[in-house]
J.: 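I'd like to ask you about the structure that follows.
What you see is a predicted model, and the numbers here were worked out from it, not measured in a lab. Residue numbers run from 1 in the order of the sequence given.
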Amino acid sequence: MRADTRHRVEAAASLGRGLLTAAAALLLVAILLAGLILVPIAGLGLPILAQALAAVRLLARSHGDWAGRVLGERFVPGYGIALPTDLHKRGRELRWLAVLVPIVAVTTLVPAGFVLAAVAIASKPKDPAGRVAEGLAGLLLIGVAWLLLPWLARMQALVTFRLLAEPDRADLAARVAQLTVSRSTAVDAQSAELRRIERDLHDGAQARLVALTMSLGMAEDSIAGDPEQARKLVVEARESATTALAELRDLVRGVMPPVLADRGLPGALEAAALLCPIPVRVAVGIPGRPSPPVESAMYFAAVEALTNIAKHSSATTAWLRLSHEAGVLSLVVGDDGTGGACPDRGTGLAGVWRRLSVFDGALTVSSPAGGPTEILVEVPCGLSSPKITLS
């Protein structure tokens with residue numbers, strides 16, 4: 001097949017894909033409207049909104065990837081800190097959803113109209129001379145439709161790419177405000193963490209070291225007059241030193257777990273899954289390593305999610321998936337439990353959200369009543385080459 005012909009066939013397939021996407025968009029709009037109507041009724045619409053908004057994000061990302069391929073550009077979605085019910089933070093995707101249907105209608109009806117006109121001309125009874133003229137007219141119409149296919153597919157891709165990948169001024173202002181909040185959250189979290197470390201050092205290791213110093217001083221005074229007492233004091237000092245060392249190790253683990261430093265994020269997640277009392281299916285292969293702060297944030301997010309599953313979900317199995325695509329590190333933690341997880345109910349998800357906000361991450365929770373529950377954590381980041389990664 002010639003390159004030009006193949007190009008137009010691919011454009012026709014793209015327009016067909018757009019038609020299917022528009023049909024899915026219409027269905028999602030109907031579901032979103034139903035969810036909004038049901039929200040005032042004891043919050044019945046919230047699970048519906050959460051599921052529908054998660055589906056909108058997946059649909060938008062898939063169509064954005066397609067638009068990037070058509071335009072020959074790399075599609076990077078405008079990630080923000082948005083929980084499933086934060087409609088005001090999902091504006092970009094919802095605007096795209098509203099515009100998609102008319103754009104698809106225009107880009108598919110134009111070539112379809114030319115083809116139908118050609119068919120209508122060919123179906124009319126006519127004399128031999130008229131048959132030749134109208135046959136040529138029909139071929140001309142089909143030829144025009146054929147020539148328009150790449151242009152129409154590109155127009156549809158361009159609208160999608162502009163809406164989903166490039167911020168306008170209003171989005172930029174919102175982005176600045178979001179980064180301001182993220183910076184404030186990061187500063188507060190860092191300050192609280194430093195206070196915790198200071199308190200743990202003061203009440204733990206420092207107190208042990210003071211007791212150690214006193215025991216060694218008393219032992220020094222007792223060596224000449226009471227060697228047995230001095231020996232007991234040295235034993236006590238050794239025990240205090242051992243305890244202080246253990247407390248320091250525990251403190252360091254809270255900052256950077258050794259398994260994360262030694263085995264990287266995939267190995268640390270596998271270890272966390274093994275410690276979960278519920279069986280966890282794990283798929284965590286990535287072609288490199290994120291930066292240490294991102295690794296730490298994703299690890300503790302997974303540990304918190306697995307802890308919530310063990311405590312609250314009544315699940316019999318869970319799953320954990322880690323992947324990296326288009327510059328985004330994605331972690332999915334799910335379970336087959338009773339559902340109903342919500343960041344506003346003190347289940348620890350709000351803490352995960354605050355941790356991710358430092359890295360411009362996104363947290364999406366899908367947890368309808370009756371389950372299953374899936375928590376999607378996404379952080380834009382690059383990966384270092386495995387060849388230069390230190391283990």
J.: Please round to the nearest 0.5 Å and tell me the distance separating atom OG of Ser366 and atom CD1 of Ile375.
T.: 10.0 Å
J.: Side chains of Val159 and Val99: closer than 4.5 Å at any heavy-atom pair?
T.: yes
J.: Using side-chain heavy atoms (C-beta onward) and a distance below 4.5 Å, is Glu93 in contact with Leu97?
T.: no
J.: So do the side chains of Val284 and Leu331 get within less than 4.5 Å of each other, counting heavy atoms only?
T.: no
J.: Going by heavy atoms in the side chains, are Pro290 and Met298 under 4.5 Å from each other?
T.: no
J.: Between atom CZ of Arg61 and atom CG of Leu59, what is the distance when rounded to the nearest 0.5 Å?
T.: 13.0 Å
J.: Under a single-linkage definition using a 4.5 Å side-chain heavy-atom cutoff for Ile, Leu, Val, Met, Phe, Trp and Tyr, are Leu28 and Ile103 assigned to the same hydrophobic cluster?
T.: yes
J.: Can you measure from CD1 (Ile48) to CG (Leu53) and round to the nearest 0.5 angstrom?
T.: 11.5 Å
J.: Determine the minimum heavy-atom distance between Gly361 and Pro380, stating which atoms define it.
T.: CA-CD, 4.4 Å
J.: Which heavy atom of Ala302 sits nearest a heavy atom of Val333, and at what distance?
T.: CA-CG2, 4.5 Å
J.: Would a distance-only check, ignoring hydrogens and angles, find a side-chain to backbone donor-acceptor pair under 3.5 Å from Glu374 to Gly334?
T.: no
J.: Is there a chain of hydrophobic side chains (I, L, V, M, F, W, Y, each step under 4.5 Å between heavy atoms) that links Leu275 to Ile278?
T.: no
J.: For Arg57 and Glu378, what are the C-alpha separation, side-chain angles and deciding distance, and is it a side chain to side chain contact (heavy atoms under 4.5 Å, CB included)?
T.: CA-CA 12 Å; Arg57 165 156 286 189; Glu378 297 172 300; 3.6 Å; yes
J.: Please confirm whether the backbone N or O of Thr338 pairs with a side-chain atom of His312, one donor and one acceptor, at under 3.5 Å?
T.: no
J.: Can you check whether Gln229 reaches Leu233 side chain to side chain, under 4.5 Å on heavy atoms?
T.: yes
J.: Between Arg263 and Ala271, which heavy-atom pair has the shortest distance, and what is it?
T.: NH1-CB, 4.1 Å
J.: Can you give me the closest heavy-atom contact between Leu383 and Pro287, atom names plus distance?
T.: CD1-CD, 3.8 Å
J.: Locate the shortest heavy-atom distance separating Trp66 from Ala153; write the atom from each residue and the value.
T.: CH2-O, 3.9 Å
J.: Using the rule that two of Ile, Leu, Val, Met, Phe, Trp, Tyr join whenever any of their side-chain heavy atoms come within less than 4.5 Å, decide whether Trp96 and Leu49 are in one cluster.
T.: yes
J.: Would you compute the distance between atom CG of Leu46 and atom CG of Leu36 and round it to the nearest 0.5 angstrom?
T.: 9.5 Å
J.: Do the side chains of Ile309 and Val280 get nearer than 4.5 Å, heavy atoms only?
T.: no
J.: With the 4.5 Å side-chain cut-off for hydrophobic clustering, are Leu260 and Leu320 part of the same group?
T.: yes
J.: Do Thr373 and Ser313 have side-chain heavy atoms sitting under 4.5 Å apart?
T.: no
J.: Is there side-chain contact between Val282 and Leu269, with heavy atoms separated by less than 4.5 Å?
T.: no
J.: Does atom CE (Met155) have a neighbourhood of more than 12 heavy atoms from anything else shown, all under 6.0 Å?
T.: yes
J.: Would Ile286 end up clustered with Val332 when hydrophobic side chains under 4.5 Å apart are linked, directly or stepwise?
T.: no
J.: If only atom types and distance count, is the side chain of Ser62 paired as donor or acceptor with the main-chain N or O of Leu58 below 3.5 Å?
T.: no
J.: Search all heavy atoms of Pro372 against all heavy atoms of Trp319 and return the closest pair with its distance.
T.: CB-CH2, 4.1 Å
J.: Test your reading of the model: is there a side-chain donor-acceptor pair from Asp336 to the backbone of Thr316, 3.5 Å cut-off?
T.: yes
J.: As a quick check of understanding, evaluate side chain to side chain contact (heavy atoms under 4.5 Å, CB included) for Leu265 and Arg289, giving each step before the final call.
T.: CA-CA 7 Å; Leu265 183 57; Arg289 289 193 68 165; over 6 Å; no
J.: Drop me the distance from His63's NE2 to Leu100's CG, to the nearest 0.5 angstrom.
T.: 5.5 Å
J.: Taking atom CG of Asp65 and atom CD of Glu325, what is their separation to the nearest 0.5 Å?
T.: 6.0 Å
